[in-house]
Number of protein chains: 2
Amino acid sequence: MVKVKVFVTLKEGVLDPQGKAVKGALHSMDYFEVSDVTIGKYMELTLEENVNIKERVQEMCEKLLANPVIEEYHYEIEEALQR
Amino acid sequence: MVKVKVFVTLKEGVLDPQGKAVKGALHSMDYFEVSDVTIGKYMELTLEENVNIKERVQEMCEKLLANPVIEEYHYEIEEALQR
């Protein structure tokens with residue numbers, strides 16, 4: 001089995017109201033050192049080993065996991081896990 | 001400025017309906033090699049440099065960014081960014 005970590009974040013310039021809200025909340029809790037917050041998604045997929053994992057994961061990201069219009073993604077493929 | 005990446009995931013044993021839904025969607029798209037999906041949050045904080053960053057970030061996670069009852073978190077502090 002292979003573990004893949006997928007990170008999805010908003011593209012530069014896309015409004016991030018959730019990040020803004022969290023920043024506001026942190027300021028109201030006296031964490032004034034926080035100058036910016038962006039919020040994204042983090043997914044862990046467990047996959048059966050496969051010849052073209054990279055290509056398949058990229059397809060999954062483009063088609064389902066990320067919205068390529070407003071989001072960008074990257075992923076890390078981890079060494080095989082024990083069954 | 002310092003960039004901190006925060007990863008929040010559900011604890012083992014906590015139901016993850018969102019992950020289940022994504023797994024179901026991937027299967028319906030013929031990605032049958034996916035045996036498990038878990039969904040979490042990924043946050044990037046930009047902070048002003050501070051003596052006790054580690055401690056402050058840990059506090060932010062415990063108090064606001066993660067729900068320590070059902071979620072666990074980890075974070076990575078990146079080298080200083082240029083202003």
Side-chain angles (χ1 to χ4, degrees), chain A residues 1-10 12 16 18-66 71-77 81 83, chain B residues 1-10 12 16 18-66 71-77 81 83:
Chain A
M1 306 296 263
V2 177
K3 202 170 179 180
V4 179
K5 297 179 173 178
V6 180
F7 307 82
V8 179
T9 50
L10 287 170
E12 278 269 329
D16 182 0
Q18 205 187 349
K20 227 171 193 167
V22 169
K23 182 182 154 188
L26 287 169
H27 282 192
S28 75
M29 293 160 76
D30 288 342
Y31 296 109
F32 292 108
E33 71 264 44
V34 179
S35 65
D36 196 36
V37 180
T38 59
I39 308 237
K41 280 174 287 180
Y42 168 62
M43 288 169 270
E44 287 181 359
L45 311 181
T46 310
L47 304 187
E48 274 156 47
E49 272 169 271
N50 195 311
V51 275
N52 46 2
I53 289 180
K54 226 174 138 176
E55 199 182 295
R56 302 271 292 176
V57 169
Q58 195 139 357
E59 266 180 39
M60 292 180 213
C61 289
E62 294 278 347
K63 288 190 189 164
L64 183 78
L65 305 178
E71 291 173 331
E72 55 193 10
Y73 61 86
H74 67 279
Y75 53 85
E76 291 168 9
I77 297 176
L81 303 171
R83 273 163 208 269
Chain B
M1 307 296 262
V2 177
K3 202 170 181 181
V4 180
K5 296 178 174 180
V6 179
F7 305 83
V8 178
T9 49
L10 288 170
E12 278 269 329
D16 181 1
Q18 207 188 348
K20 228 172 192 167
V22 170
K23 181 182 154 188
L26 287 171
H27 282 191
S28 75
M29 292 161 77
D30 288 343
Y31 295 109
F32 291 110
E33 70 265 44
V34 179
S35 64
D36 197 36
V37 179
T38 59
I39 308 236
K41 278 175 287 182
Y42 168 62
M43 288 170 270
E44 288 181 358
L45 311 181
T46 310
L47 304 186
E48 272 156 49
E49 272 169 271
N50 194 313
V51 274
N52 46 2
I53 288 182
K54 226 174 138 172
E55 200 181 293
R56 302 271 291 175
V57 170
Q58 194 138 358
E59 265 180 41
M60 292 180 212
C61 289
E62 294 277 347
K63 288 189 190 164
L64 184 78
L65 306 179
E71 291 173 330
E72 56 194 9
Y73 61 87
H74 67 279
Y75 53 85
E76 291 167 10
I77 298 177
L81 303 171
R83 271 163 211 268

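A, B, ... follow the sequence lines: proteins, then strands. Residue 1 opens every chain.
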Flag, side chain of A:Asp16 to backbone of A:Leu10, donor-acceptor distance under 3.5 Å = no
task = Indicate whether the side chain of A:Glu44 and that of A:Tyr42 have a donor and an acceptor atom separated by less than 3.5 Å.
result = yes
Contacting region of B:Asp30 [heavy-atom separation from chain A under 4.5 Å] = backbone
query = Do the ring planes of A:Phe32 and A:His27 sit parallel (below 30°), tilted (30 to 60°) or perpendicular (above 60°)?
reply = tilted
ask   = With chain B, which of A:Thr38, A:Thr9, A:Ile39 has the greatest number of heavy-atom pairs at distances under 4.5 Å?
value = A:Thr38
request  = Between chain B and each of A:Val6, A:Val34, A:Val57, count heavy-atom pairs under 4.5 Å; write down the option with the most.
outcome  = A:Val34
query = Side chain, backbone, both or neither: which part of B:Ile53 has a heavy atom under 4.5 Å from chain A?
reply = neither
remark   = Given B:Val4, B:Leu45, B:Leu65, the one with more heavy-atom pairs under 4.5 angstrom with chain A than any other is B:Leu45
remark   = Taken in chain and number order and not counting sequence neighbours, the residues that satisfy side-chain hydrogen bond (donor to acceptor under 3.5 Å, both in side chains) with A:Glu59 are B:Tyr31
request  = Could you have a look at A:Met43, A:Met29, A:Met60 and say which one has the most heavy-atom pairs with chain B under 4.5 angstrom?
outcome  = A:Met60
task = Just jot down the side-chain contact (heavy atoms from CB on, under 4.5 Å) partners of A:Glu76, sequence neighbours excluded, or say none.
result = A:Lys5, A:Phe7
